[in-house]
Amino acid sequence: MSKPVESLKEATIRFAGDSGDGMQLVGGEMANTSALIGNDIGVLPDFPAEIRAPAGTLPGVSGYQLHISSFDIHTPGEKYDALVAMNPAALKTNLENLKPNGILIINVGGFKDRNLKLAHYDSNPLEDGSLDKYQLFAVDMNTLTHKALEELGLSAKIVDRCKNFFALGMVFWLYNRTMDHALSLLKSKFSKKPELAEANSRALKAGSVYCEATEQFATSYEVKPAKLPRGKYRNISGNTATALGLIAASQKSGLPLFLGSYPITPASDILHELSKYKHYGVRTFQAEDEIAAICSVIGAAYSGSLAVTSTSGPGLALKGEALGLAISVELPLVVCNVQRAGPSTGMPTKTEQADLMQALYGRNGEAPLPVVAASKPADCFETAYEACRIAIKHMTPVLFLSDGYLANGAEPWPIPKAEDLPEIPVNFAKDPESFEPFLRDEDTLARPWAIPGTPGLEHRIGGIEKEAVTGNVSYDPRNHEYMTRMRAEKIEKIANDIPPTEIEGKKTGDLLLVGWGSTYGAIKTAVEHKQKEGKPVSRIHIIHLNPLPKDLGEILKSFKHVLIPEINAGQLVNVIRAKYMVPAIGFNKVQGLPFFSSEIEQKIDEILESK
Amino acid sequence: MNAETKAISPNGPTELKLTKKDFESDQEVRWCPGCGDYAILAQTQRTLPDLNIPKEKYVFVSGIGCSSRFPYYMDTYGFHTIHGRAPAIATGIKITNPDLSVWVITGDGDALSIGGNHFIHLLRRNVDINVILFNNRIYGLTKGQYSPTSEFGKVTKSTPFGSVDHPFNPVSVALGASATFVARTTDRDPAHLQKIIKRASAHKGTALIEVLQNCNIFNDGTWFKYTDKNSKAENVVYLEHGKPLVFGAEQDKGIRLNGFRPEAVSLTNGKYSEKDLLVHDEKDTDATYAFILSHMMDNPNLPIPVGVFRAIDKVCYEDAMAQQIEASKEKFGKPDLQALLEAGDTWDVE
């Protein structure tokens with residue numbers, strides 16, 4: 001008497017509850033389980049900056065959105081097929097994006113008068129008919145969880161906390177997910193508190209059994225595995241991918257990895273992740289502040305490590321002066337900036353790509369440095385690796401840009417073969433005969449990396465202008481201009497290594513979309529849709545933001561219109577306009593949220609129709 | 001540890017046969033004629049050969065200020081960095097390359113104002129770095145503003161009506177930050193300066209040397225009471241481990257404790273003898289005694305202590321870090337990049 005199963009190509013699900021309800025945990029587990037059975041996934045964790053806003057209030061709502069699919073997807077979805085709302089505040093803040101006739105699972109136990117009032121409801125939406133256009137499943141998870149855990153004799157407080165797993169059990173049943181992974185997760189997560197593992201496991205199973213047993217749910221759904229390219233996969237978040245990319249670069253260059261960092265949202269996970277890998281020779285240093293963090297990294301780079309610092313926008317602002325020093329002394333290091341909404345403290349848990357100008361120009365004097373930006377959570381691996389490669393080859397600090405959306409977002413990652421990763425050669429200066437601190441390599445213009453401890457290479461460097469070749473202090477006006485131009489030219493030469501830009505679509509046409517960073521998925525989805533409709537739209541994505549690819553100018557000039565969507569008020573668009581003199585059009589969203597591909601599609605239509 | 005590294009032997013034979021000349025760079029020294037910096041540079045260059053450390057192992061890191069030009073004049077590795085940040089940069093150097101002998105050169109403004117944060121955290125962590133703090137109680141490089149060690153009421157370009165800042169006492173600040181080695185010396189006492197540099201180098205952990213140094217342009221004579229041969233003996237008490245605190249031209253005065261307060265007493269009027277005096281104990285792990293000494297500088301009726309205030313053993317940051325790395329390698333085995341990439345839950349797509 002099992003219930004019918006309907007097959008779906010994709011589904012978007014949102015878990016929403018109080019920030020203490022464990023929505024990130026169960027949402028993440030739904031994502032992991034889906035990835036493990038072979039779905040493509042895209043996720044958007046969306047949580048408040050406060051550790052715990054007052055329970056039941058609108059600012060206290062924590063959400064986790066995931067998009068599971070049987071084909072290759074690029075975004076965490078837009079409108080939800082299913083919404084789990086643990087309390088009225090979660091319902092109020094999320095209902096807007098639930099599809100008409102979408103599945104709405106509500107924890108009735110959370111809909112007490114007090115919570116309704118905190119969410120500013122005048123009447124109970126469960127009773128006033130306002131939810132009629134959805135498939136409403138009102139379930140008292142509080143009571144059902146209590147009943148399921150009765151025999152365990154745990155405190156009411158502990159039992160209350162298990163209701164998130166009851167909700168997950170329901171969603172598992174609804175989308176025909178196996179519980180195996182979640183059960184083993186609970187076992188390892190609570191290995192020291194087996195009673196909690198047992199309690200949550202029971203709640204999980206109870207949620208699933210409840211759906212199977214009751215009359216409420218007539219149908220469940222399945223989303224078949226996606227046809228992804230062959231290979232071994234794991235689910236990975238942007239920050240983890242960044243950390244792994246750095247370790248890989250360390251292993252492939254033979255340089256010990258040093259991370260000097262100061263905790264800041266949403267970059268801290270890079271520090272957390274790298275702290276685990278001491279057996280890979282990784283040294284992590286939690287500095288007293290952002291300035292000390294980058295300065296320790298400059299010291300580590302000077303003495304021959306692969307030196308990295310991780311931060312977010314406000315931290316990058318503090319690092320500016322030291323970054324100038326690293327540019328002046330021409331040492332290789334990587335700064336990972338996980339952007340968030342600004343200015344100032346801004347919205348620490350919300351995403352933005354508004355640090356591009358800071359990355360390109362946020363220093364005193366003429367201080368160019370290479371900037372690369374990751375496009376997807378998994379791509380953080382390659383892009384971090386590329387940042388290390390550039391730093392070492394060209395003897396320069398490199399800025400790696402990620403953002404909150406990539407950092408916390410996750411997707412299936414085809415695990416690369418370590419042996420296929422490109423080697424990163426390192427040449428430390430050794431020979432006192434030929435050594436001059438600022439004698440440049442003919443091809444790259446990089447200066448030699450001469451680390452303390454090398455006999456015969458004793459020399460002095462510093463932030464004061466240096467005489468070409470000898471590195472001695474120099475105030476000679478012509479030398480300063482020469483050195484300024486050399487430093488800039490050195491960065492420009494990096495463009496020689498940048499592969500030709502891939503154009504998705506025709507090489508000429510009416511409209512070219514140019515993206516960078518985390519807008520990748522939304523732009524790609526929008527352009528693919530429009531191309532299917534036969535519209536003359538093409539797309540490129542820029543990883544190297546400084547120097548820009550050599551072929552970029554040519555490409556831009558091959559299209560009638562250029563559209564640049566950005567999660568900022570218009571930054572790359574200004575760079576492109578200034579450098580290539582093309583009338584590129586900006587399309588900007590500054591809400592702390594990623595683009596929906598539908599927003600971009602609409603903009604594409606608008607441009608194509610009006611011109 | 002590099003096998004070639006020779007043990008530091010402060011008073012032993014100098015097997016490496018280095019001389020002062022080996023530590024003089026080809027750069028012209030540019031400090032104002034008469035500056036106290038010259039003496040500190042000369043005594044450092046004179047002392048390093050005795051430490052028997054290969055030349056290429058030395059790194060001198062400085063911030064900004066007159067004193068911070070110092071690395072340019074040393075024929076070692078040198079890094080002239082940015083305002084106040086030398087301790088952080090030196091930390092990165094030392095913990096990634098513990099084999100190096102790392103020295104921070106800084107001034108009262110650089111270390112205690114703009115770099116105050118890094119200074120206290122370096123001392124707290126006890127990274128094995130030697131800090132020479134040139135204290136002339138003035139901003140020299142920016143031409144004469146008061147510094148964090150300037151006296152209350154100090155009239156300068158930026159305080160025409162007198163400074164209303166209370167000064168820092170570098171030794172007290174260092175002790176407050178749990179420094180394991182703290183010493184004070186002066187630019188006009190070459191032998192003592194050399195001795196203290198050797199002691200600092202031999203210390204495992206952060207070693208702070210405060211050098212009372214003269215700026216003859218903007219703050220001439222600020223320490224002369226303690227450095228001039230006519231007044232020094234009456235105003236300075238030399239600290240020597242295990243010896244009573246005796247001072248005076250005739251060694252006729254001493255320091256005793258009255259409760260927690262130090263007081264200067266005469267040894268000639270029959271009331272007190274040497275056995276009533278404080279006996280210097282640089283090894284006291286409780287910082288209270290060292291604090292009492294450090295605050296003698298704030299009392300105009302007392303001589304100021306010069307010498308090693310404190311020298312205690314405590315694990316160094318870089319050693320603790322290296323131990324964790326070794327323990328981790330033992331526990332988890334050799335690095336395997338492929339295994340790391342494939343860690344966690346994986347699945348195969350056929």
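Labels below follow one simple rule: chain letters A, B, ... track the order of the sequence lines, proteins then strands, and each chain is numbered from 1.
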**Message:** Taking side chain as everything from C-beta outward and backbone as N, CA, C, O, which of these in A:A293 sits under 4.5 Å from a heavy atom of chain B? Side chain, backbone, both or neither.
**Reply:** neither
**Item:** For B:Y38, the option from B:F70, B:Y73, B:F134, B:W31 that meets ring-ring contact (aromatic ring centres under 6.0 Å, His included)
**Value:** B:W31
**Message:** Can you tell me how the ring of A:Y385 sits relative to the ring of A:F381, calling it parallel under 30°, perpendicular over 60° and tilted otherwise?
**Reply:** parallel
**Complete:** The interface call for B:K94 against chain A, heavy-atom contacts under 4.5 Å, is neither
**Message:** Given heavy-atom pairs under 4.5 angstrom as the criterion, report whether the side chain, backbone, both or neither of A:L255 touches chain B.
**Reply:** neither
**B:Q27 portion near chain A, given a 4.5 angstrom heavy-atom threshold** = side chain
**Prompt:** Under 3.5 Å, is there a donor-acceptor pair between the A:K319 and A:T309 side chains?
**Reply:** yes
**Item:** When A:D289, A:N32, A:I247 are compared by non-hydrogen pairs under 4.5 Å with chain B, the top option
**Value:** A:D289
**Request:** Go through the atoms of A:L421 and report whether side chain, backbone, both or neither lie under 4.5 Å from a heavy atom of chain B.
**Result:** side chain
**Message:** Which atoms of A:V329 are under 4.5 Å from chain B, going by heavy atoms: the side chain, the backbone, both sets, or neither?
**Reply:** side chain
**Complete:** Okay, A:F258 and chain B: the region with an atom under 4.5 Å from a heavy atom over there is side chain
**Request:** Measure A:A307 against the heavy atoms of chain B and call it side chain, backbone, both or neither at under 4.5 Å.
**Result:** neither
**Asked** By a 4.5 Å heavy-atom criterion (distance strictly below it), what part of B:Y317 contacts chain A: side chain, backbone, both, or neither?
**Response** side chain
**Request:** Measure distances from A:P452 to the heavy atoms of chain B and classify the residue's part below 4.5 Å as side chain, backbone, both or neither.
**Result:** both
**Request:** Decide whether B:S67 and B:D37 meet the rule of one side-chain donor and one side-chain acceptor closer than 3.5 Å.
**Result:** no
**Fill in**
From the list A:V297, A:N235, A:I37, the residue making the most non-hydrogen contacts under 4.5 Å with chain B is A:N235
**Message:** Between B:L100 and chain A, with a heavy-atom cut-off of 4.5 Å, which part of the residue counts as in contact: side chain, backbone, both or neither?
**Reply:** side chain
**Asked** Given a strict heavy-atom distance threshold of 4.5 Å, which part of A:I415 is in contact with chain B: side chain, backbone, both, or neither?
**Response** side chain
**Prompt:** So what's closer than 4.5 Å to chain B heavy atoms on A:Q251: side chain, backbone, both or neither?
**Reply:** side chain
**More than 12 heavy atoms from other groups under 6.0 Å of OH on A:Y262** = no
**Prompt:** Quick one: are B:S201 and B:W103 in side-chain contact, heavy atoms under 4.5 Å?
**Reply:** yes
**Asked** Does any heavy atom of chain B fall under 4.5 Å from the side chain of A:S250, the backbone, both, or neither of them?
**Response** neither
**Asked** So which of B:D348, B:L341, B:T81 has the biggest tally of heavy-atom pairs under 4.5 Å with chain A?
**Response** B:L341
**Asked** Considering only heavy atoms, which portion of A:P412 lies under 4.5 Å from any heavy atom of chain B: side chain, backbone, both, or neither?
**Response** both
**Message:** If you count heavy-atom pairs within less than 4.5 Å of chain B, which of A:A322, A:G38, A:P416 leads?
**Reply:** A:P416
**Item:** B:Y72 versus B:H80, side-chain donor and acceptor atoms under 3.5 Å
**Value:** yes
**Request:** Could you give me the CA-CA distance, side-chain angles and deciding distance for A:Y302 and B:F79, then say whether ring-ring contact (aromatic ring centres under 6.0 Å, His included) is met?
**Result:** CA-CA 9 Å; A:Y302 174 61; B:F79 199 165; 4.8 Å; yes
**Part of B:R69 lying under 4.5 Å from any heavy atom of chain A** = side chain
**Options B:T91, B:D75, B:I64, B:V59, ranked by heavy-atom pairs under 4.5 Å with chain A, top entry** = B:D75
**Request:** Side-chain contact test, heavy atoms from C-beta onward, threshold under 4.5 Å: evaluate it for B:L133 versus B:F119 and give yes or no.
**Result:** yes
**Request:** Sort B:R125 into side chain, backbone, both or neither according to what part of it lies under 4.5 angstrom from a heavy atom of chain A.
**Result:** side chain
**Interface moiety of A:T454 toward chain B, non-hydrogen atoms closer than 4.5 Å** = both
**Message:** Could you tell me if A:R177 and A:N39 have a donor-acceptor pair between their side chains, going purely by distance under 3.5 Å?
**Reply:** yes
